[in-house]
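All remarks here apply to the structure that follows.
Naming: A, B, ... by sequence-line order, numbering from 1 per chain.
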Protein chains: 2
Amino acid sequence: MPALGFQPHDHSRCVSDALAEAEARCARDRLQFTPVRRRVFEILLQEHRALGAYEILKTLSDEGLGSQPPVAYRALDFLVKAGLAHRIERLNAYIACSHLTGSHAPAFLICRNCKGVAETDVQIDDWANGPFASAPGFHVERVALEAEGLCAACLETKETDGPTA
Amino acid sequence: MPALGFQPHDHSRCVSDALAEAEARCARDRLQFTPVRRRVFEILLQEHRALGAYEILKTLSDEGLGSQPPVAYRALDFLVKAGLAHRIERLNAYIACSHLTGSHAPAFLICRNCKGVAETDVQIDDWANGPFASAPGFHVERVALEAEGLCAACLETKETDGPTA
DNA sequence: CCGGATTTGTTATAATGTAACCACACCCGG
DNA sequence: CCGGGTGTGGTTACATTATAACAAATCCGG
């Protein structure tokens, strides 16, 4: 499975950078970056793709860090709330945030063939004043923007296949 | 549960209109608008809110139209593919399309308090040139845009509560 | 009315997610 | 030191959502 951001990059570097940033951010915000939470974040970073809670749980279990679903879900909830990871609604899966610096408005590109996920931040003004302008009175707190399609690599190898086949 | 589009409207009218439009569309596209599919669509229209597959299945079961999950899921898949309904990823639920005329680019406003869902079409014709311009080569086929927050009514009655509690 | 394609019925099970309760560690004020 | 409050983790048990697989019925063009 290719995954990644559909682009080559220095992987070992982005893992260590993200860990350092997470440490710093949790220290600043008085959040406890406990072993379980740290390990879950590491797993997400290392795999660099969307992982189901039970996939993560399997790894935790193999390492003796917890064997029951709540352990994984609690750690994931923490990471999501802390802005360190995102939940991909379309896949019921989780992925490490790919740009910890700055604020949030994540958008995801999901390849339906290789299941790879790329995160690309959008400018909040783009949609806050656009799509939802016609809903006066509604107070938007969070937005999920997820596009499904084919990544460049899969387009080449499967371009004869239909979209929703 | 208020639900609806957070706005008053002529409900009996929108149900019958949508049914007629669905009939016409299926006839045109040579799709079989079978009793189960029609009934599921009716249920979605009548409730006018996001319904889980098992909620729908319960109604079908009460009416002797099928009692096992695949019956509901298949009908829902049909409706979604036909553009008659949408799946709300965030809620694992389904809702009738609220504007059958014209093409698609649905966006949803989900009230986290009353669970109401409003659909509001987005005008973006070419997603690749909008939020996803930074992902060259990716071929977008479908986009889910879901905003979570508080509707106007719930804002008034719960304005002291925090966002993610 | 034949024959392929589609739709439906059914069984069984997989995958995802939560409620509730207890134990532990830590901090902090008394 | 002690005792309560808070946050975290471990565990049991269960709820919810979804699909695979296969057989039977139905539809529809030719």
Sorted by position of nearest nucleotide on DNA chain C, 5' first, the leading residue of A:Glu55 and B:Pro35 is B:Pro35

Heavy-atom donor-acceptor pair, B:Glu47 side chain to B:Leu44 backbone, under 3.5 Å
no

Per atom distances to the B:Gln68 side chain, the nearest of C:dT11, D:dG10, C:dG9 is C:dT11

When rounded to whole Å, the CG to P distance for the pair B:Leu60 and C:dG9 reads 10 Å

One would report the end-axis bend of the helix from C:dC1-D:dG30 to C:dG30-D:dC1, five pairs per end and rounded to 10 degrees, as 30°

When rounded to whole Å, the CG to P distance for the pair A:Leu76 and C:dT16 reads 12 Å

Rounded to whole Å, CZ of B:Phe33 lies from C1' of D:dT26 at a distance of 18 Å

*Is there a donor and acceptor pair, one atom on the side chain of B:Tyr54 and one on the base of D:dA18, closer than 3.5 Å?*
yes

**Message:** Tell me whether B:Glu89 is salt-bridged to A:Arg90, with the criterion being a basic N under 4.0 Å from an acidic carboxylate O.
**Reply:** yes

Discussion item. Please determine whether a side-chain nitrogen of the Lys or Arg among B:Arg28 and B:Glu21 lies less than 4.0 Å from a carboxylate oxygen of the Asp or Glu.
Written reply: no

Quiz prompt | N/O (side chain, B:Asn92) to phosphate O (OP1/OP2, D:dT16) under 4.0 Å | solution = no

note: B:Leu31, atom CG; D:dC27, atom P; distance rounded to Å ~ 16 Å

Rounded to whole Å, CD of A:Glu89 lies from C1' of C:dT16 at a distance of 13 Å

Side-chain contact check for B:Val36: nearest option of C:dT8, C:dT18, D:dT8 is C:dT8

| Verify stack between A:Tyr73 ring and C:dT18 base, 5.5 Å, 30 degrees | no

**Report entry** Side chain to side chain, B:Lys81 and B:Leu31, heavy atoms closer than 4.5 Å
**Finding:** no

Determine whether any donor atom in the side chain of A:Arg74 lies under 3.5 Å from an acceptor atom in the base of D:dG7, or the reverse, and answer yes or no. no

Check: If we only count heavy atoms from C-beta on, is the A:Arg25 to A:Phe33 side-chain gap below 4.5 Å?
Finding: no

A:Leu79 atom CG is separated from D:dG9 atom P, nearest whole Å, by 11 Å

Check: When we call it a touch if two heavy atoms are under 4.0 Å apart, what does A:Leu65 touch: a base, just sugar-phosphate, or nothing?
Finding: sugar-phosphate

Considering just the side-chain nitrogens and oxygens of B:Thr34, establish if one lies under 4.0 Å of OP1 or OP2 belonging to D:dT26. no

Q) Between B:Leu150 and B:Cys111, is any pair of side-chain heavy atoms under 4.5 Å apart? A) yes

Between CG of A:Asp77 and C1' of D:dT8 the distance, given in whole Å, is 13 Å

side-chain contact (heavy atoms from CB on, under 4.5 Å) test vs B:Arg38 passes for just one of B:Ile43, B:Leu19, B:Leu65, namely B:Leu19

task: Pick base, sugar-phosphate or nothing for A:Arg37, based on heavy-atom distances below 4.0 Å to the nucleic acid.
output: sugar-phosphate

Contacts of B:Tyr94 and A:Gly66 projected onto DNA chain D by closest heavy atom; the upstream (5') one is A:Gly66

Inset, instruction - With heavy atoms under 4.0 Å as the rule, sort A:Arg30 into base, sugar-phosphate or nothing. - result: nothing

Taken to the nearest whole Å, CZ/B:Arg90 to P/C:dG17 is 11 Å

ask   = OP1, OP2 of D:dG10 versus side-chain N and O of A:Ser67: anything below 4.0 Å?
value = no

### Task
Would you indicate whether the side-chain heavy atoms of B:Phe132 and A:Thr120 approach each other to under 4.5 Å?
yes

Are A:Gln32 and D:dT8 close enough that a side-chain N or O sits under 4.0 Å from OP1 or OP2? yes

